[in-house]
Amino acid sequence: MTNSSRTFVLASRGSQLAQIQTNLAMDSMKSLFASSNTDAIPKFTTSFMSTAGDKNQSQALYLLGGKALWTKELEVALIEREVDMLVHSFKDVPTVLPKGCIIAGIMEREDPVDSLVVKKDSPWKTLDDLPNGSIVGTSSVRRVAQLKRKYPELVFQDVRGNLNTRMAKLDAPDGPYAAIVLAKAGMVRLGMGDRLTSDLPPPLLYHAVSQGALAIEIRSNDEESLKICQQITHQETAWCCLAERACLRKLEGGCSVPVGIGSSLDGNVLTITGCVTALDGSKHVEHTITETVTNEEQAEAVGTKLATTLIEAGAKEILDDITIDREMRIKLAQEKDEKIST
């Protein structure tokens, strides 16, 4: 427990959800010192900023360059000591951090499942209810790739924006979407859980790596922040998420690569399933590993082992095809932009 009277600045993106999540982290930190009888206790405040991912709402995430879109500006502020801690949706954090930055805290995970939300006042509840040709919105190629395997008759279309924006696009009377797919955790934190009409659990849809968890990023030499973050870390969540991230790191996947994951920890027994799916759903590689672990390093080793098994089973070929497809689409988008500018 730190005896410092320092004021710690917690920063995140400026969306309503990011602010809610930052306040959740701040409240957890404040609670550590609630019973202290001294005035020499830390204080906590917040700072919110817009990132490149927030500013570019027109292009598909698949073409925009990965997770650093959500974190780069925040990490510059952290490194330059303008703020002390970054509160992230862990699924948005790149698996390799800038030099001098570490993940110091991992808070207890909300349910990581993806869920369906249908247009307001529509009679449907599930993907099976939707008529053939219905448009389902999601900005995730992971979701599209997996769902196309069972629902080839549905049309999956990109939808960008924060949760409130996407919900508005869904409910617009003249909008094209019959339904959208969202992370359940964000909707619950926003107090909109009542709009969720059905969950899409594995094996139908494996969620994103670290989905549902909040992570605290700090400067690696900030011992005071480290001690505080360690005290709000949830061990089960940490071991599961670190295993998932190790798998993704080995696969060299990112926000726009269809790598799905699922994990659980029963005592010291870690079970983790990973899958890689072709963009059109035509190829799918999936594998599960169960091993006993006693620390974070062993959990990460299990994740790396899973990725190696997936690669040997054909995941590398799928990921290579996806890289070629993305490079082609980026080139076409750039050519289109150049024509418009001239």
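All values below come from the heavy atoms of this structure, side chains included, with hydrogens, waters and symmetry mates left out.
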field: Hydrophobic cluster membership, V144 vs L116, 4.5 Å side-chain cutoff
entry: yes
task: Run the numbers on C247 and T304 for side chain to side chain contact (heavy atoms under 4.5 Å, CB included), then give the verdict.
output: CA-CA 5 Å; C247 178; T304 302; over 6 Å; no
- request: State the CZ-CG distance between R166 and D171, to the nearest 0.5 angstrom.
  value: 13.5 Å
Non-hydrogen side-chain atoms of F8 and M29 separated by less than 4.5 Å: no
- prompt: Going hydrophobic residue to hydrophobic residue with side-chain gaps under 4.5 angstrom, can you get from M107 over to I102?
  reply: yes
message: I'd like to know if the side chain of R195 and the backbone of V118 have a donor-acceptor N/O pair within less than 3.5 Å.
response: yes
query: Any salt bridge between K250 and E244, counting N to O under 4.0 Å?
result: no
- request: Begin from the C-alpha positions of M167 and L182 and carry the test side chain to side chain contact (heavy atoms under 4.5 Å, CB included) through to its verdict.
  value: CA-CA 10 Å; M167 290 296 291; L182 301 166; 4.0 Å; yes
query: Would L74 end up clustered with L78 when hydrophobic side chains under 4.5 Å apart are linked, directly or stepwise?
result: yes
message: Pairing donors with acceptors under 3.5 angstrom, does anything connect the side chains of Q21 and S89?
response: yes
query: Under 4.0 Å between a Lys/Arg side-chain N and an Asp/Glu carboxylate O for R6 and D222?
result: yes
- request: Could you check if a side-chain atom of I228 sits within less than 4.5 angstrom of a side-chain atom of F44, using non-hydrogen atoms only?
  value: yes
- prompt: Do I216 and I103 have side chains that get closer than 4.5 Å, going by heavy atoms?
  reply: no
message: Which residue is it: C275, S263, P112? I am looking for the one with a side-chain contact (heavy atoms from CB on, under 4.5 Å) to Y206.
response: C275
- request: Find the distance between CG (L279) and CD1 (I322) and round it off to the nearest 0.5 Å.
  value: 4.5 Å
- prompt: Heavy-atom distance under 4.5 Å between the side chains of Q298 and E296, does that happen here?
  reply: no
query: Below 4.0 angstrom, N of the basic side chain to O of the carboxylate: do D114 and R142 qualify?
result: yes
- prompt: Side chains of P98 and E217: closer than 4.5 Å at any heavy-atom pair?
  reply: yes
- prompt: Would one find more than 12 heavy atoms of other residues, nucleotides or ligands at under 6.0 Å from atom CG of D266?
  reply: no
- request: Could you walk me through whether E286 and H284 pass the side-chain hydrogen bond (donor to acceptor under 3.5 Å, both in side chains) test, one step at a time?
  value: CA-CA 7 Å; E286 183 178 321; H284 179 81; 2.8 Å; yes
- request: Report the C-alpha distance between K184 and D199 in whole Å, list the side-chain angles of each, state the deciding distance to 0.1 Å, and finish with yes or no for salt bridge (charged side-chain N to carboxylate O under 4.0 Å, His left out).
  value: CA-CA 8 Å; K184 184 174 186 175; D199 290 339; 3.1 Å; yes
query: Is the count of non-hydrogen atoms from other residues, nucleotides or ligands lying under 6.0 Å from K316 atom NZ greater than 12?
result: no
- request: Please test Q16 against N164 for side-chain hydrogen bond (donor to acceptor under 3.5 Å, both in side chains), starting from the C-alpha separation and ending with a verdict.
  value: CA-CA 8 Å; Q16 182 186 3; N164 290 320; 2.6 Å; yes
query: Can you find a side-chain donor-acceptor pair between H287 and T309 that sits under 3.5 Å?
result: no
Nearest-0.5 Å distance that lies between atom CD in Q230 and atom OG in S225: 11.0 Å
- request: Apply side chain to side chain contact (heavy atoms under 4.5 Å, CB included) to the pair M187 and S115, showing each step before the final yes or no.
  value: CA-CA 9 Å; M187 291 291 284; S115 297; over 6 Å; no
- request: Output yes when a side-chain donor or acceptor of R13 lies under 3.5 Å from a complementary backbone atom of F48, and no otherwise.
  value: no
query: Mind checking whether L10 and V83 have side chains closer than 4.5 Å, heavy atoms only?
result: no
- request: Verify side chain to side chain contact (heavy atoms under 4.5 Å, CB included) between L147 and V181, making sure each step is shown before the conclusion.
  value: CA-CA 10 Å; L147 292 174; V181 181; 4.2 Å; yes
task: Report the C-alpha separation of D128 and Y151 in whole Å, then their side-chain angles, then the decisive distance to 0.1 Å, and conclude whether the side-chain hydrogen bond (donor to acceptor under 3.5 Å, both in side chains) test is met.
output: CA-CA 8 Å; D128 291 305; Y151 299 101; 3.2 Å; yes
field: Derivation and outcome, side-chain hydrogen bond (donor to acceptor under 3.5 Å, both in side chains), residues D129 and T126
entry: CA-CA 5 Å; D129 295 338; T126 69; 3.3 Å; yes
task: Indicate yes or no: at least one non-hydrogen side-chain atom of L130 is less than 4.5 angstrom from one of L154.
output: yes
query: Do you reckon Y177 sits in the same ILVMFWY cluster as V117, going by side-chain contacts under 4.5 Å, direct or chained?
result: yes
Within one Ile-Leu-Val-Met-Phe-Trp-Tyr cluster: V141 and L319, side-chain cutoff 4.5 Å: yes
field: Residues E317 and K283 bridged, charged N to O under 4.0 Å
entry: no
Short side-chain to backbone donor-acceptor contact, T237 and T233, under 3.5 Å: no
message: salt bridge (charged side-chain N to carboxylate O under 4.0 Å, His left out), that's the test. Do E291 and K305 meet it? Break it down for me.
response: CA-CA 11 Å; E291 288 194 11; K305 180 179 178 180; 2.5 Å; yes
message: To the closest 0.5 Å, what do you measure between OG1 (T277) and NZ (K148)?
response: 11.5 Å
message: What I want to check is whether the side chains of D320 and T323 have a donor and an acceptor closer together than 3.5 Å.
response: no
- prompt: Below 4.5 Å, heavy atoms only, C-beta onward: do V302 and V293 meet side chain to side chain?
  reply: yes
